[in-house]
Amino acid sequence: MSNYKHFLDTVFYNIVINEVIERRKCRATGKVRFNGVAEATFFIHWLKWRIRKWLEKPVRRKHRNKGFGEKTGTPRYVYHCEFCEGYHITKEYPYDYQLKKEKYNREYF
Ligand SMILES: [Zn+2]
């Protein structure tokens with residue numbers, strides 16, 4: 001397990017995330033758009049890793065509640081966007097999101 005962790009550290013430290021993942025904005029949602037599930041999933045892992053590393057730095061600890069302001073355990077989900085044909089990350093469970101959207105459509109259209 002520690003080998004795996006070390007492997008992740010090595011991989012993520014050497015990554016320039018903007019070179020690995022081409023991030024564009026989705027016009028419909030204003031969210032960052034990923035080309036595929038793999039890219040979005042990778043970005044979630046990278047984000048969690050970065051937040052964890054950031055929290056480990058003692059000098060940053062007093063700013064813990066600022067900046068990211070999120071716990072590393074915040075689950076994120078990848079879902080397909082029908083507007084831009086790309087993929088987005090959401091903190092809402094996609095099934096709930098879908099239900100809400102359907103409810104909205106029923107009530108207002
Ligand atoms: Zn979109």
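Counting begins at 1 with the first residue of the sequence. Each ligand, and each atom within it, is numbered from 1 in the order the structure gives.
For Trp49, the side chain to side chain donor-acceptor pair (under 3.5 Å) criterion is met by Asp9, not counting sequence neighbours. For Ala38, there are no side chain to side chain contact (heavy atoms under 4.5 Å, CB included) partners at least two apart in sequence or on another chain.
The salt bridge (Lys or Arg N to Asp or Glu O under 4.0 Å) pairs that include a residue from residues 11-21 number zero, where partners must be two or more places apart or lie in different chains.
In terms of heavy atoms, Ile44 sits closest to Ile89 at CG1-CD1, 3.5 Å. A pairwise comparison of heavy atoms in Tyr87 and Gly36 identifies CD1-CA, 3.5 Å as the closest pair.
Shown here are the protein N/O/S atoms lying under 2.8 Å from the Zn ion (ligand 1), water excluded: Cys26 SG, Cys81 SG, Cys84 SG, His88 NE2.
Residue Val32 is tested with His88, Lys25, Arg24 for a side-chain contact (heavy atoms from CB on, under 4.5 Å); the sole match is Lys25.
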